[in-house]
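Because the structure is a prediction, the values reported are computed rather than measured.
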Amino acid sequence: MKKVLGICSLACTVAALSAFAAGNELNWRKFCYEPSTPVLSETNATPSEALQGRVAALERITPANAKGEPTNLWKATAWRNERVHGQFVVWSDVDIPQLRCAISPLKTADGKTLPSDCVSTRFVRYVLARGALVGDILDTAKEVDLPKNGFRPIWLTVSVPDEVAPGLYKGTLTVIGAGKKTISFSLELNVLQATLPAPKYWTFFLDLWQHPWAIARYHGVEPFSPAHYRLMEPILRELANAGQKVLTTTLTDAPWNHQNFDLYYTMIKHLKQPDGTWKFDYSIFDQYVTFGRKLGIGPQIHCYTLAPWGGNVTYIDVATGDLVKQSVALGSPKYEAYWGDFLRDFQKHLEEKGWVNDVYLAMDERGLEEMKATYNCLMKYSPKLKIAMPGNKPPSQLKGVELQNYCQYIANLNPEFLAEAQERRTRGMVTTTYVCCGPGRPNTFTASPTPEQVWLPLYISAVKLDGLLRWAFTNWPRDPLYDSSFGNWTPGDTFLVYPGPRAAVRWEMLRDGIEENEKIRALRRAGADMTAVDAMLATFDFKKDCKSSADALRDQVQKTRDAIETAARTVKDAGFVSVFNGKDLSGWVGITDAHTVENGLLCTTPKAHGNIVLARPYTNFIFRFEFQLTKGSNNGVIIRGNAPQDYNFEVQLLDDDDDQYKNLENYQYNGSLYGVCAAQRGTLKPLGEWNEMEIRVDGSRFTVVQNGVKITDCDIAGMTELLDKSKRPGFRNASGFLGLMAHSSVVRFRNLRVKEL
């Protein structure tokens, strides 16, 4: 990243930090949002009293393109576990106050419903970018006023649950203004069978730097106070929900000089004792790492930096209480004297915390000699720690330095580097790319056309890199809700979400692109026909595309997304592996005499008792299958068994309506986690019909979905006693065998598939 001197001096920032340490709110913010309300560039000669509107593409809405041919049907396709968006624009020739939105339930023709809390709307707010108004803030305000000749985009988001039944869901979005002025839009969402993994399992390596001090300054709270952590929590949760792989921490003050509006400070205090020895205060570092990991950020912890820009370091002289600043040249005795004891102590501390394998000493765009000096010091004092760096030269040119995590600027990617990245992957190393300060396009600036954000992860898929680095998620300028500009950088370069937190349009579109990248990976694992997808990915060429027109890039992105959707329609269960071949019990072990294969179905045999399990243990997974009960049948699915005939958990399969079972405990009926958690009843189909079941095991949480309805949802983490009072020695097992029971009655199975998480 190019370094440019920031507009706020170090003294100014220190004074600001002192202000909110004293509990004073900084009076820097001009408005909650929006310098002015957007208005149409052309108005009607004959005003209409009606509220008007249209369905719009996911693009920047401007005074020139806000109005268009009135349309009221929104159609989209989504995978399960995907976040899908729509945009609508309303306008009026007269004042319409109290503009608000209402959404009906989205239902299929046979009555299946998307949960209401997975559908939301946000008003698009406008922010300055070098003097121009750009619609970028997605605001959660319940209502806004629409002035005469004003317009307002509305952003729809559907977060499709992973257990929802596939199908065409229909509903209505109604925009309501005071005086009973309304306009309605029809919604049609086609949910496919394909399922995205949960974000924590995404393989796309996302590294967006965090900036805790910017959040503290903006809100006027003391850094790392309880109030500060409350403010950071929803921001970091949103980041974790995009699969963020890195927690950004600091070992020095101003690791990048002062190129931000708010200074970064060290999370670890260096304390020089009167006798010249060192002690180190890890309290903030430990607290922040624990906080970030609890929210799902990681697993990597990047510590900036042993190679600060300018070589400046600080410490507290315990004898005087002074904060001492000094410059230490990389590789000098002074450098080693400052860092050596710290690195030795830091490695020991990380081993005690259990974090040593996840910590990377991170540097930013250092040259070969600087890297060698830093690396040699690291290997001498803390050889268990690793190195991460964004830079502009291939790692192979940094002889003698092993970079386990390396990020190359996008404009410097070439065939030689990409080949090197593939070789690095075989050694378990991460190789990503970054866009910071440049290029002009494609990028994630405030005014960047929205397809550019989707283009970036698709390009990363095309060139087979691991992911993307961006130089900040919340590195806010002075008043981000009013003006996204900062210094010499292009507006929006330093952040992707706004205070509130409020998402940016460009953040949602970047996350959209990451989902497309994950879809491609899932489809490849599932063996989908990727011919059309690969043909489109072959058209991605940075040097060509950065000069193409906005329309050409938009067309390229849309055709690629269309190809991904077509491929997904050919795969019923992306990411799932069949565990029954329809011919025999290959891959299963246990009492196979209690099970047989008939007409392509796996069946339990009457009057036989015993279990079969898949030949190896499973940890976290989704198990999908269809089953057919017979009168009075009783069976179960074994989860995390210690051995084939020993279950720790059982999901009950039972003919609930048979008279012999009318007096059971509620935790013994069909779909229950037997003895642990009772299932919702009433979703079994009549005897002779096939039922669909999905069992999801993710750490301590167990869920069961039957015929499209979640009937069991149980987290055993806090359980001290089971409902049936039984003692199960393997109750806390993290993994074990997955299989099927046989209880002397006939149950038939088909389409058995497993997806590991």
Are Y498 and D139 close enough that a side-chain donor and a side-chain acceptor fall under 3.5 Å?
-> no
Are side-chain N/O atoms of H302 and Q300 paired as donor and acceptor at under 3.5 Å?
-> yes
Ignoring hydrogens and angles, state whether a donor on the side chain of Q558 or R561 is under 3.5 Å from an acceptor on the partner side chain.
-> no
Taking the side chain as every heavy atom from C-beta outward, state whether V697 and F649 have any atom pair closer than 4.5 Å.
-> no
Within the distance-only criterion (no hydrogens, no angle test), does the side chain of Q210 pair as donor or acceptor with the backbone N or O of T474 below 3.5 angstrom?
-> no
Any side-chain donor-acceptor pair under 3.5 Å between R524 and S461?
-> no
R424/D466 salt bridge by N-O under 4.0 Å criterion | no
So do the side chains of V651 and M693 get within less than 4.5 Å of each other, counting heavy atoms only?
-> yes
So among Y304, F495, W471, Y434, which one has a ring-ring contact (aromatic ring centres under 6.0 Å, His included) with W209?
-> Y304
K353, R293, K245 screened by salt bridge (charged side-chain N to carboxylate O under 4.0 Å, His left out) with D358, the one that passes = R293
Would you please classify the geometry between the F224 ring and the Y288 ring as parallel, tilted or perpendicular, with 30° and 60° separating the classes?
-> perpendicular
Short question: side chain of N81, backbone of L196 - any donor-acceptor pair under 3.5 Å?
-> yes
Please answer whether the main-chain N or O of V164 pairs with a side-chain N or O of R80 as donor and acceptor at a distance below 3.5 Å.
-> yes
Side-chain donor-acceptor pair under 3.5 Å between R521 and N517, yes or no?
-> yes
State whether Y618 and R616 meet the cation-pi test: NZ (Lys) or CZ (Arg) under 6.0 Å from the six-membered ring centroid, and within 45° of the perpendicular axis.
-> yes
For the pair E233 and R230, find out whether any cationic side-chain nitrogen is under 4.0 Å from an anionic carboxylate oxygen.
-> no
Do NZ/NE/NH1/NH2 and the carboxylate oxygens of R83 and E515 come within less than 4.0 Å?
-> no
Let me see the working for F576 and I622 under side chain to side chain contact (heavy atoms under 4.5 Å, CB included), right down to the final yes or no.
-> CA-CA 8 Å; F576 282 79; I622 302 173; 3.7 Å; yes
Test ring-ring contact (aromatic ring centres under 6.0 Å, His included) on F625 and F623 and set out the steps.
-> CA-CA 7 Å; F625 59 93; F623 182 30; 4.8 Å; yes
Just do the ring-ring contact (aromatic ring centres under 6.0 Å, His included) check on Y229 and F291 with the steps written out, would you?
-> CA-CA 8 Å; Y229 278 107; F291 173 73; 4.7 Å; yes
Donor + acceptor pair across side chains of S448, R506 (<3.5 Å) = no
Using distance alone, with no hydrogens and no angle criterion, decide if N620 and R701 have a side-chain donor and acceptor under 3.5 Å apart.
-> no
Check: W455 main-chain N/O paired with Q556 side-chain donor or acceptor under 3.5 Å | no
R696 versus E163: any side-chain heavy-atom pair under 4.5 Å?
-> no
